[in-house]
Amino acid sequence: MTQPTDIRRDGPRPLLLDLFSCAGGAATGYARAGFTVHGCDIAHRPNYPFTQHRGDALEYLAQLITSGEITRYAAVHASPPCQAGCALTVGTNQSQGWGGTHVDLVAPTRALLDRTGLPYVIEQPNGRAEIRKDLTLRGEMFGLGVIRHRNFELGGWTTPRPAHVPHRGRVRGYRHGRFYDGPYVAAYGNGGGKPTIPELQAALGITWTAVREELTEAIPPAYTEMIGRAFLASHMVGVAV
């Protein structure tokens, strides 16, 4: 007989808070895993497919903590900006002397997440953002048409690392004036043989937005669906498999 879970629920599904939620790539994965998702983003995101609060994510989280409303949630996902640690900033831009002051909200986000007492996930792209790489996920693990490395720090819970799956070839596009073909598309920027919007949508597994900027920033839902399922499995009590 299935026993009750030890996690907070909002109706039949546990409630997850999605901070810096953008257009909902991460949120959709968690919803598919079994969560009800509430998002928060400072930008107007009409394509976000779930309930969303518009405002500063850290201010909103602080308000939820102070009011006690945070106790409604079972977990929190956060994808804070960290331009100072992204691969482009520490690579090409730095070598060319480009750029200036960059935003890094990882540390203040973690500090607030620790105050919640809830399990959490912090996501960052490859680069030098100072997070633990408890999980590193890539598109090839899920049969996607992007490489899209993403690192995840897990706060207050753990799950085994999935096996590494090697890349099958190159990312399609121009490099130094030469065109290379390959099984992956470049899900960033414009020009240089970059994919069309339909190609981006198919490669990422995202259909609800056709805004290039939202697609190029999105986490493929397959990533967070895997994380969400792992979290729910680790927090269920006596559930028959």
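Excluded from the calculations below are hydrogen atoms, water molecules and symmetry mates; all remaining heavy atoms, backbone and side chain alike, are included.
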Using only atom types and a distance under 3.5 Å, with no angle test, would you say the side chain of [X] pairs donor to acceptor with the backbone of [Y]?
X: Arg148; Y: Ala218; value: yes
X: Arg132; Y: Leu154; value: yes
X: Arg115; Y: Ala62; value: no
X: Gln201; Y: Thr196; value: no
X: Trp208; Y: Ala23; value: yes
X: Glu140; Y: Ile147; value: no
X: Thr136; Y: Asn151; value: no
X: Tyr184; Y: Leu144; value: no

Linking I/L/V/M/F/W/Y whenever their side-chain heavy atoms sit closer than 4.5 Å, directly or via other members, would [X] and [Y] fall into one cluster?
X: Tyr60; Y: Ile122; result: yes
X: Ile197; Y: Ile206; result: yes
X: Tyr188; Y: Val185; result: no
X: Leu215; Y: Val171; result: no

Please name the pair of heavy atoms, one in [X] and one in [Y], separated by the smallest distance, quoted to 0.1 Å.
X: Asp41; Y: Ala43; answer: OD1-N, 2.9 Å
X: Thr224; Y: Gly25; answer: OG1-O, 3.9 Å
X: Ile219; Y: His77; answer: CD1-NE2, 3.9 Å
X: Ala187; Y: Val146; answer: CB-CG1, 3.9 Å
X: Arg54; Y: Ile42; answer: NE-O, 3.3 Å
X: Cys22; Y: Arg45; answer: O-CG, 3.4 Å

Whether His167 and His149 hold their rings parallel, tilted or perpendicular, with breakpoints at 30° and 60°: perpendicular

Plane angle bin for His38 and Tyr73 - parallel if under 30°, tilted between 30 and 60°, otherwise perpendicular: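 Plane angle over 60°, so perpendicular.
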
Arg138/Val165 under side chain to side chain contact (heavy atoms under 4.5 Å, CB included): CA gap, chis, key distance, verdict: CA-CA 8 Å; Arg138 307 165 182 84; Val165 179; over 6 Å; no

Please examine the side chains of [Y] and [X], heavy atoms only from C-beta on, and report whether any two atoms are closer than 4.5 Å.
X: Tyr48; Y: Asp18; result: yes
X: Thr116; Y: Leu17; result: no
X: Cys40; Y: Gln52; result: no
X: Leu135; Y: Tyr223; result: no
X: Pro14; Y: His235; result: no
X: Arg212; Y: Leu200; result: yes

To the nearest 0.5 Å, tell me how far [X] [atom1] sits from [Y] [atom2].
X: Thr159; Y: Asp134; atom1: OG1; atom2: CG; value: 10.5 Å
X: Arg161; Y: Leu137; atom1: CZ; atom2: CG; value: 10.0 Å
X: Tyr120; Y: Leu61; atom1: OH; atom2: CG; value: 11.5 Å
X: Leu105; Y: Leu112; atom1: CG; atom2: CG; value: 10.5 Å
X: Phe50; Y: Leu16; atom1: CZ; atom2: CG; value: 10.5 Å
X: Phe142; Y: Glu225; atom1: CZ; atom2: CD; value: 9.0 Å

For [X], look at atom [atom1] and say whether over 12 heavy atoms of other residues, nucleotides or ligands are found less than 6.0 Å away.
X: Glu213; atom1: CD; value: yes
X: Tyr174; atom1: OH; value: no
X: Arg178; atom1: CZ; value: no

Worked check of side chain to side chain contact (heavy atoms under 4.5 Å, CB included) between Leu113 and Leu118: CA-CA 7 Å; Leu113 291 173; Leu118 297 176; over 6 Å; no

Criterion side chain to side chain contact (heavy atoms under 4.5 Å, CB included) on Met141 and Met226, from CA distance to verdict: CA-CA 11 Å; Met141 294 175 172; Met226 189 211 83; over 6 Å; no

